Q: 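There's a structure below that I have some questions on.
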Amino acid sequence: MTRRFIRPASAVFLAVGVAAGCSTDTLEITDPDVLNVGDYTTVAGATPLRLGVIADFQNVYSGNPSLENMIVVTGNVSDEMYSTDTFDGRLFPNQRAMNDNLPEMDVFYRNLHRVRAGATRTINVLKKVAPTPVQNIGEMYGIRGFTETFFAEAYCSGVPFSEETDAGTEFGTPQTTVQVYARALASFDSALASAGTDTRVQNIARIGRARVLLNQGRFDDAAAAVAGVPTNFAWVTAHSTSSGRQENGMWNALTVANSRYAIVLPDANGRGEGLNGVAFLTTPADPRIPWVASTRTGFNGSSRNLPTQLKYDRTTGAVVANGVEARLIELEALLRKDTQADRDAVFAGLNNLRATAISPAMPALAGSAPATQEAAVSLLFEERAKWLYLTGHRLGDLRRLVRQYGRAANTVFPTGNLPSPLAGVYGNDVNLPIPFDEKNNPKAPGGCIDRNP
């Protein structure tokens with residue numbers, strides 16, 4: 001594998017200008033819009049630094065930095081969407097057959113680290129020069145915790161976390177998935193401790209903690225963590241038409257002409273993507289997953305009549321964490337008790353969400369509670385998939401079905417033949433590999449420690 005390095009044109013231009021004896025005085029100007037390195041360690045600099053981290057987080061979670069955001073990337077690997085592109089960096093993740101040299105995935109990896117490092121830097125600056133209001137620090141810890149959680153849910157074991165110090169860059173060593181979750185939990189603990197009386201930051205931290213605890217298999221602790229979160233709470237990103245970077249990434253991925261992704265229509269047996277996928281698109285449409293038929297064509301020119309999602313418009317915000325997720329966490333903890341009485345209670349809880357968490361209310365689930373634990377788990381995870389559709393949760397949930405519930409990967413992930421007109425079959429990947437560029441880290445030259453869920 002080889003890589004080409006191109007000298008920036010600006011550097012070449014400057015060298016030619018100096019060599020020709022031209023004056024560089026015109027380059028020596030003060031730009032009031034640029035925040036220099038020394039400026040952000042002041043009270044005035046701390047606010048734009050914090051707002052920059054928030055903007056970067058929104059973009060890497062649900063924005064449109066070349067389409068590679070958390071929701072789109074993980075939805076492509078799972079069963080929420082498939083690629084109608086011609087780029088390997090989008091086709092291979094959809095096929096579950098990835099390598100470590102996919103430029104589009106490099107973008108996502110770098111952007112996640114940029115947010116994590118930026119949050120850490122901002123926390124240190126706020127503590128020094130703007131320690132009040134304290135909830136600003138709590139919010140940064142919360143954002144850092146979510147980026148660390150995304151690394152654990154999306155990537156293989158072995159992600160390193162390098163840090164900025166006064167002496168320069170301190171390269172990180174590979175961290176197991178268990179270690180990354182522990183790291184994320186510590187960030188959320190700090191977020192809660194620094195939330196002050198701000199209920200918004202408190203609830204962000206509580207749901208983040210519970211999400212990690214659920215991934216750690218600490219179900220009762222997860223339920224306790226979100227007990228105080230109201231069902232109507234929501235932490236939502238913001239998007240605008242000011243630039244492509246600020247647009248909603250799912251609108252771009254699944255709505256525009258020549259879109260790079262599509263949602264699978266159910267097959268004759270009512271299944272979604274790759275035999276195991278949830279049938280997200282129903283007729284009539286599930287109100288949690290609104291869609292319409294269309295004659296749109298995918299970017300590859302061969303994928304035609306693509307259904308159009310209606311959950312997201314160009315400026316629609318995306319839910320990062322909300323009270324519905326809190327209630328679903330509580331129901332999963334209850335289901336772990338594995339008794340018919342608890343299965344009945346979980347079934348009633350799912351129907352209560354249908355009746356109260358969406359307007360107008362949805363019809364209740366048909367029939368009665370499942371009589372077996374396996375069927376009850378399948379029902380809960382399908383309801384989770386629909387409540388949390390296109391919010392970056394699905395890949396983590398599929399991995400948990402393998403890791404915590406003992407299901408074989410190819411019974412929960414898409415498998416079999418790829419959706420037409422794509423050719424070939426799905427592979428066996430259940431997470432993203434660490435990009436090749438990370439091999440430049442002298443402490444992490446080996447990539448993934450393992451690819452297990």
Side-chain angles (χ1 to χ4, degrees), residues 62-99 101-108 154 244-245 247-268 270-283 285-286 289-314 316 318 385 389-392 394-395 398 413-427 429 432:
S62 57
N64 188 31
S66 301
L67 291 175
E68 275 54 70
N69 64 47
M70 174 67 180
I71 296 176
V72 170
V73 168
T74 57
N76 190 33
V77 179
S78 64
D79 59 351
E80 290 184 320
M81 65 179 76
Y82 70 98
S83 177
T84 56
D85 207 337
T86 58
F87 287 35
D88 288 348
R90 297 175 183 129
L91 290 171
F92 288 173
N94 171 223
Q95 192 174 345
R96 298 178 56 211
M98 289 165 272
N99 60 62
N101 195 24
L102 301 174
E104 290 76 20
M105 295 300 96
D106 288 358
V107 171
F108 175 59
R245 176 177 166 84
E247 290 176 341
N248 183 291
M250 290 68 71
W251 170 81
N252 198 322
L254 296 166
T255 308
V256 301
N258 301 316
S259 63
R260 308 281 182 145
Y261 297 91
I263 310 167
V264 175
L265 286 166
D267 64 16
R271 297 173 300 200
E273 183 183 358
L275 301 181
N276 301 314
V278 167
F280 291 106
L281 304 188
T282 59
T283 304
D286 186 311
I289 310 171
W291 69 282
V292 294
S294 84
T295 58
R296 290 187 307 109
T297 299
F299 184 83
N300 57 22
S302 302
S303 301
R304 301 183 182 278
N305 299 321
L306 304 181
T308 296
Q309 66 80 30
L310 299 178
K311 179 172 183 174
Y312 294 109
D313 202 344
R314 194 174 183 180
T316 306
Y389 178 65
L390 292 183
T391 59
R394 185 61 174 161
L395 177 56
L398 294 184
F413 279 86
T415 190
N417 294 322
L418 295 169
S420 178
L422 301 177
V425 297
Y426 289 95
D429 288 348
L432 302 173

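Quantities reported herein were computed from a predicted structural model and do not represent experimental measurements.
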Q: Return the set of residues passing side-chain hydrogen bond (donor to acceptor under 3.5 Å, both in side chains) with Asn94 (not counting sequence neighbours), or none when no residue passes.
A: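 Partners of Asn94 under the side-chain hydrogen bond (donor to acceptor under 3.5 Å, both in side chains) test: Glu273.
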
Q: Do Ser62 and Met70 come within less than 4.5 Å of each other through their side chains, counting heavy atoms only?
A: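 Heavy-atom side-chain distance check fails, nothing below 4.5 Å.
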
Q: Arg260: what forms a salt bridge (Lys or Arg N to Asp or Glu O under 4.0 Å) with it, not counting sequence neighbours?
A: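 In terms of salt bridge (Lys or Arg N to Asp or Glu O under 4.0 Å), with neighbours along the sequence ignored, Arg260 is linked to Asp85.
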
Q: Restricting to side-chain hydrogen bond (donor to acceptor under 3.5 Å, both in side chains), what partner residues turn up for Thr316, sequence neighbours left out?
A: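 Thr316 satisfies side-chain hydrogen bond (donor to acceptor under 3.5 Å, both in side chains) with no residue once adjacent residues are dropped.
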
Q: Determine whether Asp313 and Asn248 satisfy the following criterion, side chain to side chain contact (heavy atoms under 4.5 Å, CB included), listing intermediate values before the conclusion.
A: CA-CA 7 Å; Asp313 202 344; Asn248 183 291; over 6 Å; no

Q: Could I get the full list of side-chain hydrogen bond (donor to acceptor under 3.5 Å, both in side chains) partners for Thr74, not counting sequence neighbours?
A: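 side-chain hydrogen bond (donor to acceptor under 3.5 Å, both in side chains) list for Thr74, sorted by chain: empty.
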
Q: Heavy-atom distance under 4.5 Å between the side chains of Leu281 and Pro266, does that happen here?
A: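 Yes, close enough: below the 4.5 Å cut-off.
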
Q: Do the side chain of Glu104 and the main chain of Glu68 share a donor and acceptor less than 3.5 angstrom apart?
A: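 No, Glu104 side chain to Glu68 backbone: no donor-acceptor pair under 3.5 Å.
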
Q: Hey, does Ile263 have a side-chain heavy atom less than 4.5 Å from the side chain of Glu80?
A: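 Side-chain contact under 4.5 Å: no.
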
Q: Mind checking the CG-CG spacing from Leu91 to Leu422? Nearest 0.5 Å is all I need.
A: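 So the gap between those two atoms works out to 6.5 Å.
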
Q: Can you tell if the side chain of Phe299 reaches within under 4.5 Å of the side chain of Phe87, non-hydrogen atoms only?
A: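 Of all side-chain heavy-atom pairs linking Phe87 with Phe299, at least one is under 4.5 Å.
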
Q: Of the non-hydrogen atoms in Leu398 and Ser78, which two are nearest, and what is the gap between them?
A: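 Closest pair (atom of Leu398, atom of Ser78, distance): CD1-CB, 3.7 Å.
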
Q: How many angstroms lie between atom CZ of Arg296 and atom OG1 of Thr308, to the nearest 0.5 angstrom?
A: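 It is 3.5 Å, given to the nearest 0.5 Å.
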
Q: Could you list the residues that satisfy ring pair (Phe, Tyr, Trp, His ring centres under 6.0 Å) with Phe108, not counting sequence neighbours?
A: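 Expected list: none.
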
Q: Are the side chain of Asn76 and the backbone of Arg90 linked by a donor-acceptor contact shorter than 3.5 Å?
A: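 Present.
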
Q: If only atom types and distance count, is the side chain of Gln309 paired as donor or acceptor with the main-chain N or O of Leu254 below 3.5 Å?
A: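 Not at all, since once roles are kept as given, no pair shorter than 3.5 Å links the two residues.
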
Q: Can you name the salt bridge (Lys or Arg N to Asp or Glu O under 4.0 Å) partners of Arg304, sequence neighbours left out?
A: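 Result, salt bridge (Lys or Arg N to Asp or Glu O under 4.0 Å) vs Arg304: none returned.
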
Q: Between CG of Leu265 and CG of Asn305, what distance do you get to the nearest 0.5 Å?
A: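 So the gap between those two atoms works out to 9.5 Å.
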
Q: Do Phe413 and Asp79 come close enough that some side-chain heavy atom pair is under 4.5 Å?
A: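 Counting from C-beta outward, Phe413 and Asp79 never come under 4.5 Å.
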
Q: Shortest non-hydrogen contact from Gly416 to Leu275?
A: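 Minimum heavy-atom separation between Gly416 and Leu275: CA-CD1, 4.4 Å.
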
Q: Looking only at heavy atoms, which two atoms of Leu102 and Pro93 are closest? And how far apart?
A: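 In terms of heavy atoms, the two residues are closest at CD1-CD, 4.2 Å.
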
Q: Using the side-chain contact (heavy atoms from CB on, under 4.5 Å) criterion, which residues pair with Pro290? Sequence neighbours excluded.
A: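 side-chain contact (heavy atoms from CB on, under 4.5 Å) list for Pro290, sorted by chain: Leu310, Lys311.
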
Q: For Asp267, give me all partners under side-chain hydrogen bond (donor to acceptor under 3.5 Å, both in side chains), at least two apart in sequence or on another chain.
A: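 Counting only residues at least two positions away or on another chain, Asp267 forms a side-chain hydrogen bond (donor to acceptor under 3.5 Å, both in side chains) with Arg271.
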
Q: How about Val425 and Leu418: do any of their side-chain heavy atoms sit closer than 4.5 Å?
A: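 No; the side chains remain at least 4.5 Å from each other.
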
Q: Which distance, rounded to the nearest 0.5 Å, do you find between the CG of Asn64 and the CG of Asn69?
A: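 Asn64 atom CG to Asn69 atom CG measures 7.5 Å (nearest 0.5 Å).
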
Q: Taking side-chain contact (heavy atoms from CB on, under 4.5 Å) as the test, write out the residues that go with Ser303, two or more places apart.
A: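 Expected list: Thr84, Asn300, Leu306, Pro421.
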
Q: In chain order, what residues pass the side-chain contact (heavy atoms from CB on, under 4.5 Å) check against Ala385, with sequence neighbours excluded?
A: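 Residues passing side-chain contact (heavy atoms from CB on, under 4.5 Å) with Ala385: Val278, Phe280, Arg394.
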
Q: For Met81 and Val72, which heavy atoms make the closest approach, and how far apart are they?
A: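 For Met81 versus Val72, the nearest heavy atoms are SD-O, 3.9 Å.
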
Q: Heavy-atom distance under 4.5 Å between the side chains of Tyr389 and Ile71, does that happen here?
A: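 No; the side chains remain at least 4.5 Å from each other.
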
Q: Give, for atom CG of Asn276 and atom OH of Tyr426, the distance between the pair rounded to the nearest 0.5 Å.
A: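 Nearest 0.5 Å value for the CG-OH distance: 10.0 Å.
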
Q: Can you name the salt bridge (Lys or Arg N to Asp or Glu O under 4.0 Å) partners of Asp429, sequence neighbours left out?
A: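 Residues passing salt bridge (Lys or Arg N to Asp or Glu O under 4.0 Å) with Asp429: Arg451.
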
Q: Is any side-chain heavy atom of Leu390 less than 4.5 Å from a side-chain heavy atom of Tyr312?
A: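 Yes - at least one pair of side-chain heavy atoms lies under 4.5 Å apart.
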
Q: Can you tell me how far CD of Glu247 sits from CG of Leu67, rounded to the nearest 0.5 angstrom?
A: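 Separation between the atoms: 10.0 Å.
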
Q: List in chain and number order the residues that pass side-chain contact (heavy atoms from CB on, under 4.5 Å) with Thr282, two or more places apart in sequence or in another chain; answer none if no residue qualifies.
A: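 In terms of side-chain contact (heavy atoms from CB on, under 4.5 Å), with neighbours along the sequence ignored, Thr282 is linked to Asp286.
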
